[in-house]
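What follows is a short report on a single structure.
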Amino acid sequence: MVAVTGVSLRAAMLAQNIPPDAPRCLRRILVPSGEDWRKNPDIAVRAHAASTMLQSSAVTLEFTGLPTADSQTRLRDLARSAGGNPELLVFHPFLDDPSLAALYHDCDLVVVPSRSEGFSIPVIEAMAQSTPVLASNCPAHAELLADQHDRFDADEPADLLHRLKDLATNPSLLIAMTARAAPIWPRFTQEQVNARAWDAIATLINPPISLPSPAISRNHRPRIAFLSPMPPTQSGCADFSARTLHSLAKRADISVFTNTPNPILPQQTRFAGTPGRYAHVSRQFDAVIDVVGNSHFHQAEFDLLCSQGAACIAHDARMLDFYVHRLGFERACAQASIEAGRAVLPEEVERWLLHPGELPVLFLGEIAAASRPLFVHSAITARLITQLYHSTPIVLPFPPYRDFTDAELSEPARARVRSTLGLDPDDLIIASFGAISPDRAPGELIWAVEMLRNWGLPARLALIGQANPGIGAMIDQLAAEAGISVTLIADRDNQSLYRDWLIACDVAVQLRTYGLGGLSGALIDCIGAGVPSIANASLAEAIKAPSYVATIPDALSAPLLAEAIASVLEQSGHRPRPLAARRADLATRNFDVYCQDLLNGLGLA
Amino acid sequence: MNVLDITELAQNPINTGIQRVVRALIRHWPSEIPLTLATFDPAHGLVQLPSAARMILLDAAASAEETERHLSAAGPRPPVLLDAVTRILVPEVFYDHARCNFYRTLPPEQCAFLVYDLIAYLHPERIGVRETAPLMPYLRLLRDARHRAFISDQTRTDFAQRINRHETEPGPVLPLGADGLELERQFFAATRTDFVCIGSIDGRKNQPLIIAAFQRLWQRGSTAHLTLIGRAFPSADLSALDAIAEHPHFTWHRSATDDEIRSCLRSARASLYLSNIEGYGLPPVESLYAGIPVIVTTSLPSTSALPNRGQIRLTTLTPETIADAVEALNDTPNAARLWAEAAILQLPGWADFASETARWLSALRP
């Protein structure tokens, strides 16, 4: 077996608050060198000396690794004989790491002219300081610098001279080189290199997951390590994991690793401890599943996934909030720069937090790279991951985890619940479930209900779910402006009340102001309860919604929403639930199917 | 008293299409019907503009800063006395909630609104609107108004059927003027070979389909010349234009003055305007007003209400259907017939629009 790990950057060589795309012009060129003939500093001296532009602009050519007076004199003589000014050659014989990092940072270009290299640490060191790198064509450089514009012929001074002239006259090329380098060097942090090394070792210890697992080969139930927050953690992911394990435990032996204190685990699963490397390197398991989501509950799972690699269920279509709030703003900017292939500024990230619809990347790059396989719940997310990260996730349709019987959804039963909730039998209850927040477009809902009422329909709006402090005042203001009243029930702990409203309402509306393939657990709840619903197009597509979910365009419009609601009411005759369509949908959208697909994806079916 | 609320024009004159209409209304308002120009001031309600404002605001070439300076120097702005016989016409679109709320406090019988289109609400994706909630107070104002007029029958129908949904009479249609270009009457000559397409490249006007149609025609040996006039929106896909940029029978004017547009139309055999979604669509009626036939979409509000003369109306837009229409106009006898039809069309000018608007407003019973 051959595993390529690369060489890791020393901690001191990592960038510290460097503005990556600060305008540069060519003033100082650094040539990391050495006394070894392979280092080939002569070509840099010849090209530099032959350039009238560099000479007249007093661009310095600076060297590391050449401590001897003989080497320095030889290169100065060479510069003079080639027509250059030997005073422009500067030598830095011995530097500690902080000084070397500063030198990389302060120079405007690093030229690595080696004829041969095993890896070429200077290339990634310079990149880590956001300094553009021009390197020779040797194989190690070609592997690091895929773009031929970043390389030159090590035996052809004219080629290097030509490149240097271009860079001197067009500084935007330097910025482009930096942008191309941005995704490269982070692959060589100590964590990444260690992960590759441990991956290789783990692969030797545990056979690849695509091979029949020992348990399967012996016709035993597969053994799965499952790392996730669990109830009573107040998290949709925790609830979902609990429901998944309830079904998965019928088919596999489950060891749950969780940081949740006093976790509530489904029957037939066992608590195996807090998340750690043990699960990932142990031969005890046929598969390890890390569950990650866009909240602080998933720190341990994320860290282990990225360092150890594993199967992963990625709950969310983006991880921006996790990066910003859990890993820090700098890390978020760095990751965004890597994924976008350009320098991303902090103000851009701040804007994305407010307007997630403008996100050009998903912050799923590290997860996609570390996951084998990666499971997602939305075909749109899968498509975006493939486009952005060249990884092919497996899509598992998201099943509802609140179960309803047909009897609960019958008209007499619904009438009783409506009566319990104090709802007028003639009112048309338009409900929206889940998080109550600006990105759920409450303003569109409120104005749509205002229009419905103007059209003579006795529409009433109810928002049922979780709300951050202050959201109530915002809803009140919007409602007052539109002249309607809104029932706001923000009681996350009262699951019974949430169920009652799912049973009682006439139409559900679930909107998002952004696409990205994000899912809505609340829309899944509505589908599971057979509620005639309306969602914006990308949300419905991400969920593969059934026929009783009507759609409106992603460009949200209160009049179009009002029309859609009126149309649903006309079609459904206001009340009865589409129970047959619900049954047909749930035949394929349930946790048994989900878990079977999960096991298939793991190669454990 | 008739009051015209022109707040947007006075505060931010940037030559939008709506401001062109408002200016025409002021310029051509019948002298025998008194008119007071006013703006909305959040502190004082409607305030009267000084009489010099009329001349200041009709200068479309003035910058916003110049206009503001001149208006400030023109004199005080006393509050408009809103007595029982005051009628206020708002010929602007606005999303200022304070202004919307102000009109909701006035007696509805005294306020009238000119409704342009409902694209922001019914086709938001076509014009980059992501959410309508901030725009809804204005729509509610229109919906609840006692008096409204519409610039097209299509807007009126959309309003009646999709916004209002009540049996009440929505209001009259007041078609916009077709003579704004001030192009003299054109006459057919077989030597005219230009097909002129006026309109910004905004993703709605189907210029790529028109180009594809002409590429087919040129492959068949046609010498029909295509002239595009219009700036490209930043988001526009220009690959089709780039592909024919050097073609000898193609010209693109990214910006053009009225003089340059008139010059292009003086050699035009016909004009094309193939927009899917449009509030009105002035270029084709301006073309027809000068006697030049047009190729248009069937649904275009400005032409769909006219007798079908001098027009080739396309229901389905494909390169083939467009190429067929161009070929029909390249046939000289056919072209001559369409030119003759266009010549007898009676189209309203801006003076007609202003006059009809003034009469309508005057006839409203406060």
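Note on naming: letters A, B, ... go to the chains in the order of the sequence lines (proteins, then strands), and numbering restarts at 1 for each one. Both backbone and side-chain heavy atoms feed into the values below; hydrogens, waters and symmetry mates do not.
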Select one option (side chain, backbone, both, neither) describing which atoms of B:L118 are under 4.5 Å from chain A's heavy atoms. neither

Apply the test side-chain contact (heavy atoms from CB on, under 4.5 Å) to residues A:N454 and B:D144: give CA-CA distance (whole Å), side-chain angles for both, the deciding distance (0.1 Å), then the verdict. CA-CA 10 Å; A:N454 182 266; B:D144 295 348; 3.9 Å; yes

In short, B:P124 meets A:L560 closest at the heavy-atom pair CD-CD1, 3.8 Å

Partner chain A: residue of B:H97, B:R130, B:R126 with the largest heavy-atom pair count (under 4.5 Å): B:R130

How long is the gap from CD1 on B:I119 to OG on A:S557, to the nearest 0.5 Å? 12.5 Å

Measure distances from A:A562 to the heavy atoms of chain B and classify the residue's part below 4.5 Å as side chain, backbone, both or neither. neither

Assess whether side-chain contact (heavy atoms from CB on, under 4.5 Å) is satisfied between B:R165 and A:M451, documenting all intermediate values. CA-CA 10 Å; B:R165 290 197 174 198; A:M451 291 193 77; over 6 Å; no

Strictly distance-based, threshold 3.5 Å: is any side-chain N or O of B:E131 a donor or acceptor partner for the main-chain N or O of A:L556? no

Heavy-atom neighbours of A:Q477 CD exceed 12 at 6.0 Å: no

Side chain A:W455, main chain B:I163, donor-acceptor under 3.5 Å: yes

Are there more than 12 heavy atoms of other residues, nucleotides or ligands under 6.0 Å from atom NE2 of A:H355? yes

More than 12 heavy atoms of other residues, nucleotides or ligands under 6.0 Å from CD of A:E358: is that the case? yes

Who among B:R140, B:H123, B:E125 has the most heavy-atom pairs with chain A under 4.5 Å? B:R140

